[in-house]
Amino acid sequence: ELINKTITEIVSEHNSAARVFDKYRLDFCCSGDLVLQDAVKEANIAVDFLLEDLKVAISGESDENIDFTDLTVSEVSEILRNDYHDFLRH
């Protein structure tokens, strides 16, 4: 169940969740170790709306979703280098 996972786990499994967390200003990087239930309580966010947005985002994920939990560190590094490194440097 999503509410009992950490924010990082959710984004790692479902890339589209990042947009939802951005919308609600939940930091999935530095505060990603927080369990979603604790994060929404701390941020005073209506959990029902957030969970609904997550379900919609996840159900609409494309086949290009990358489950980072299935990858090695080298594979993740390669994706980040290829997809973001050059883009962010220019």
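Both backbone and side-chain heavy atoms feed into the values below; hydrogens, waters and symmetry mates do not.
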Hey, does the side chain of Glu52 reach the backbone of Phe49 with a donor-acceptor pair shorter than 3.5 angstrom? no
Taking side chain as C-beta onward, heavy atoms only, is Thr6 less than 4.5 Å from Leu36? no
Going by the rule salt bridge (charged side-chain N to carboxylate O under 4.0 Å, His left out), which residues pair with Lys5 if we only count those two or more places apart in sequence or in a different chain? Glu13
Heavy-atom closest pair, residues Gln37 and Val40: O-CG2, 3.3 Å
Minimum side-chain heavy-atom gap Leu54-Phe21 below 4.5 Å: yes
Can you name the residues that form a side-chain contact (heavy atoms from CB on, under 4.5 Å) with Asp22, not counting sequence neighbours? Phe28
Quick check: closest heavy atoms across Ser16 and Ala57, and the distance to 0.1 Å? OG-O, 3.1 Å
Determine, stepwise, if the pair Ile3 / Val47 fulfils side-chain contact (heavy atoms from CB on, under 4.5 Å). CA-CA 9 Å; Ile3 197 73; Val47 68; 3.4 Å; yes
Passes side-chain contact (heavy atoms from CB on, under 4.5 Å), Lys23 versus Asp53? Steps please. CA-CA 10 Å; Lys23 174 182 174 183; Asp53 284 351; 2.8 Å; yes
Could you check whether any side-chain heavy atom of Leu50 comes within less than 4.5 Å of a side-chain heavy atom of Leu26, counting everything from C-beta outward? yes
Going through the distances and angles, do Ile58 and Leu2 end up as a side-chain contact (heavy atoms from CB on, under 4.5 Å)? CA-CA 11 Å; Ile58 290 169; Leu2 290 176; 3.9 Å; yes
Distance (rounded to the nearest 0.5 Å) between Arg19 CZ and His14 NE2: 13.0 Å
